[in-house]
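A quick note: this is a predicted structure, and the numbers were derived from the prediction, not measured. In the text below, chain A, chain B and the rest are named by the order of the sequence lines, each starting its count at 1.
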There are 2 protein chains.
Amino acid sequence: MEDGLSVGEAAAKVGLTAYTLRWYEQVGLLEPIPRDSAGRRRYRLSDIERLDLLTKMRATGMPVRDMVRYITLVREGDATRAERLAMMERHRTAVLQQIDDLQRDLAVIDRKIDRYRGFEGVAGKKAGPRRP
Amino acid sequence: MEDGLSVGEAAAKVGLTAYTLRWYEQVGLLEPIPRDSAGRRRYRLSDIERLDLLTKMRATGMPVRDMVRYITLVREGDATRAERLAMMERHRTAVLQQIDDLQRDLAVIDRKIDRYRGFEGVAGKKAGPRRP
DNA sequence: GCTTGACCTAGAGCGCACTCGAGCTGGAAG
DNA sequence: CTTCCAGCTCGAGTGCGCTCTAGGTCAAGC
């Protein structure tokens with residue numbers, strides 16, 4: 001039991017694939033992951049924590065490009081805190097917007113469902129125009 | 001002023017591009033759009049209405065493949081009402097789940113923002129481990 | 001009558017975010 | 001020892017949902 005998780009374990013833990021984890025590292029979302037004596041990656045807690053945040057950012061629709069930008073800022077140190085905060089605040093707003101849009105669009109779907117249910121079991125509408 | 005909208009007008013109205021409208025027709029999301037004397041598409045109200053629904057379905061994350069399936073059912077007539085209803089209900093559930101997930105993930109982003117704000121203007125943390 | 005601009009078709013191309021194939025290595029279990 | 005599995009690298013491939021190019025037609029405005 002060495003310390004840290006293998007790529008497979010880490011992948012399982014954060015809900016991504018091993019492929020994706022290696023790719024995230026390659027594109028600069030993760031720091032180069034330390035290797036064991038055989039050259040295999042060992043993910044530390046800090047790597048997993050970063051991944052936890054990254055997955056939330058992705059899941060809320062942040063493009064990988066922007067996440068890379070964010071991580072670049074992280075690497076640049078404290079001087080970029082304000083910019084990172086701003087990024088996150090902008091993203092937060094975008095997510096709220098997204099939720100709002102979803103709710104609005106869902107209302108349309110709901111009305112459609114109501115209409116389907118309203119006609120359920122009713123005979124009529126033989127040759128009337130079919131509404132999607 | 002002929003009746004119906006040109007592809008450009010229809011696109012503008014539903015918030016898609018003319019390219020996309022033609023492509024939607026090609027993949028079977030729209031019925032073949034009637035043409036004017038010069039062979040140009042004229043979108044009727046019913047086409048626009050269908051597009052309005054389709055855009056909501058897309059915007060809530062339904063894959064085009066499923067939308068095509070849905071429209072196929074529409075074309076098959078009343079016999080498929082139940083299946084269409086079921087599709088919509090399943091999709092509705094998926095959207096609710098999506099909103100839920102977004103809210104959960106947003107909470108993580110929010111905590112991150114709080115931490116950034118908590119340290120705002122504070123000097124310390126010279127050489128401490130940088131947290132993303 | 002000419003130009004302009006929107007439209008037409010068929011098919012190619014693109015951006016994104018992974019995902020996988022091929023060929024190899026190395027530690028662990030029977 | 002051999003078999004096996006997980007991991008390694010590099011580069012290519014995939015699926016989705018558009019988006020654009022090329023080469024042409026047509027009708028309206030100057």
Side-chain angles (χ1 to χ4, degrees), chain A residues 1-44 47-48 51 53-71 91 94 98 105, chain B residues 1-44 47 51 53-71 91 94 98 101 105:
Chain A
M1 240 176 243
E2 319 199 32
D3 61 311
L5 303 180
S6 72
V7 65
E9 291 162 343
K13 187 143 202 164
V14 302
L16 297 172
T17 68
Y19 294 134
T20 304
L21 256 52
R22 292 192 205 102
W23 181 70
Y24 272 20
E25 184 179 343
Q26 199 179 305
V27 299
L29 285 176
L30 300 175
E31 305 313 314
I33 305 294
R35 309 304 181 97
D36 68 11
S37 56
R40 295 189 234 99
R41 289 171 179 79
R42 299 266 97 188
Y43 291 77
R44 294 152 300 177
D47 299 317
I48 300 297
L51 277 169
L53 178 60
L54 289 175
T55 55
K56 301 317 177 210
M57 291 160 80
R58 270 302 293 134
T60 48
M62 185 181 286
V64 168
R65 188 184 306 97
D66 293 5
M67 301 188 346
V68 171
R69 167 76 181 142
Y70 175 81
I71 292 297
H91 183 55
Q98 232 188 110
D105 295 346
Chain B
M1 244 178 240
E2 318 198 31
D3 61 313
L5 304 181
S6 72
V7 66
E9 291 162 343
K13 187 142 203 165
V14 302
L16 297 172
T17 68
Y19 295 135
T20 303
L21 257 52
R22 292 193 205 99
W23 181 72
Y24 272 21
E25 184 179 343
Q26 198 179 307
V27 300
L29 286 176
L30 299 175
E31 306 312 315
I33 304 294
R35 309 304 183 96
D36 68 11
S37 58
R40 294 188 238 101
R41 289 171 181 78
R42 299 266 97 188
Y43 291 77
R44 296 152 298 178
D47 299 317
L51 278 168
L53 178 61
L54 289 175
T55 54
K56 299 319 177 209
M57 290 160 81
R58 268 305 291 135
T60 49
M62 186 182 284
V64 169
R65 189 186 304 99
D66 295 4
M67 301 188 346
V68 171
R69 166 78 181 141
Y70 174 82
I71 291 298
H91 183 55
Q98 229 188 112
D101 291 349
D105 294 346

- Task: Measure from OH on A:Tyr24 to C1' on C:dT19 and round the result to the nearest Å.
- Result: 13 Å
- Separation of atom CH2 in B:Trp23 from atom C1' in C:dA12, rounded to whole Å: 15 Å
- Please report, rounded to the nearest Å, how far the P atom of D:dT19 is from the CG atom of B:Leu21. 12 Å
- Item | Presence of A:Thr20 side-chain N/O under 4.0 Å of C:dA17 phosphate oxygens OP1/OP2 | no
- Task: Verify side-chain contact (heavy atoms from CB on, under 4.5 Å) between B:Tyr24 and B:Val68, making sure each step is shown before the conclusion.
- Result: CA-CA 9 Å; B:Tyr24 272 21; B:Val68 171; over 6 Å; no
Can you check nucleotides 6-8 of chain C for protein contacts, nitrogen or oxygen pairs under 3.5 Å, and list what you find?
residue	atom	partner	partner atom	Å
C:dC7	OP1	B:Ser6	OG	2.7
C:dC7	OP1	B:Gly8	N	3.2
C:dC8	OP1	B:Arg41	N	2.8
C:dC8	OP1	B:Arg41	NH1	2.8
C:dC8	OP2	B:Arg22	NE	2.7
C:dC8	OP2	B:Arg22	NH2	3.2
C:dC8	OP2	B:Arg41	NH1	3.3
C:dC8	O3'	B:Arg35	NH1	3.4

- Item | First of A:Thr17 and A:Ser37 reached from the 5' end of DNA chain C, by closest nucleotide | A:Thr17
- Task: For A:Arg58 and A:Met62, indicate whether the former's side chain and the latter's backbone hold a donor-acceptor pair under 3.5 Å.
- Result: yes
- Query: If each of A:Tyr19 and A:Val64 is mapped to the nucleotide of DNA chain C with the nearest heavy atom, which maps nearer the 5' terminus, i.e. the 5' end?
  - Reply: A:Val64
- Between D:dG17 atom C1' and B:Met62 atom CE, what is the distance in whole Å? 16 Å
- Message: Any heavy-atom pair between the side chains of B:Tyr43 and B:Val14 that's under 4.5 Å?
- Response: no
- Round to the nearest Å and state the distance from A:Glu25 atom CD to D:dC10 atom P. 11 Å
- Task: Send over the distance from A:Gln26 CD to D:dG11 C1', rounded to a whole Å.
- Result: 10 Å
Check: residues 30-37 of chain A side-chain donor-acceptor pairs under 3.5 Å, at least two apart:
residue	atom	partner	partner atom	Å
A:Glu31	OE1	A:Arg75	NH1	3.0
A:Glu31	OE2	A:Arg50	NH1	2.6
A:Glu31	OE2	A:Arg50	NH2	3.1
A:Glu31	OE2	A:Arg75	NH1	2.7
A:Arg35	NE	A:Ile33	O	3.2
A:Arg35	NH1	A:Gly39	O	2.9
A:Asp36	OD1	A:Ala38	N	2.8
A:Asp36	OD1	A:Gly39	N	3.0
A:Asp36	OD1	A:Arg40	N	2.9
A:Asp36	OD2	A:Arg40	NH1	2.8

- Query: Do B:Asp66 and B:Arg69 meet the salt-bridge criterion of a basic N to acidic O distance under 4.0 Å?
  - Reply: no
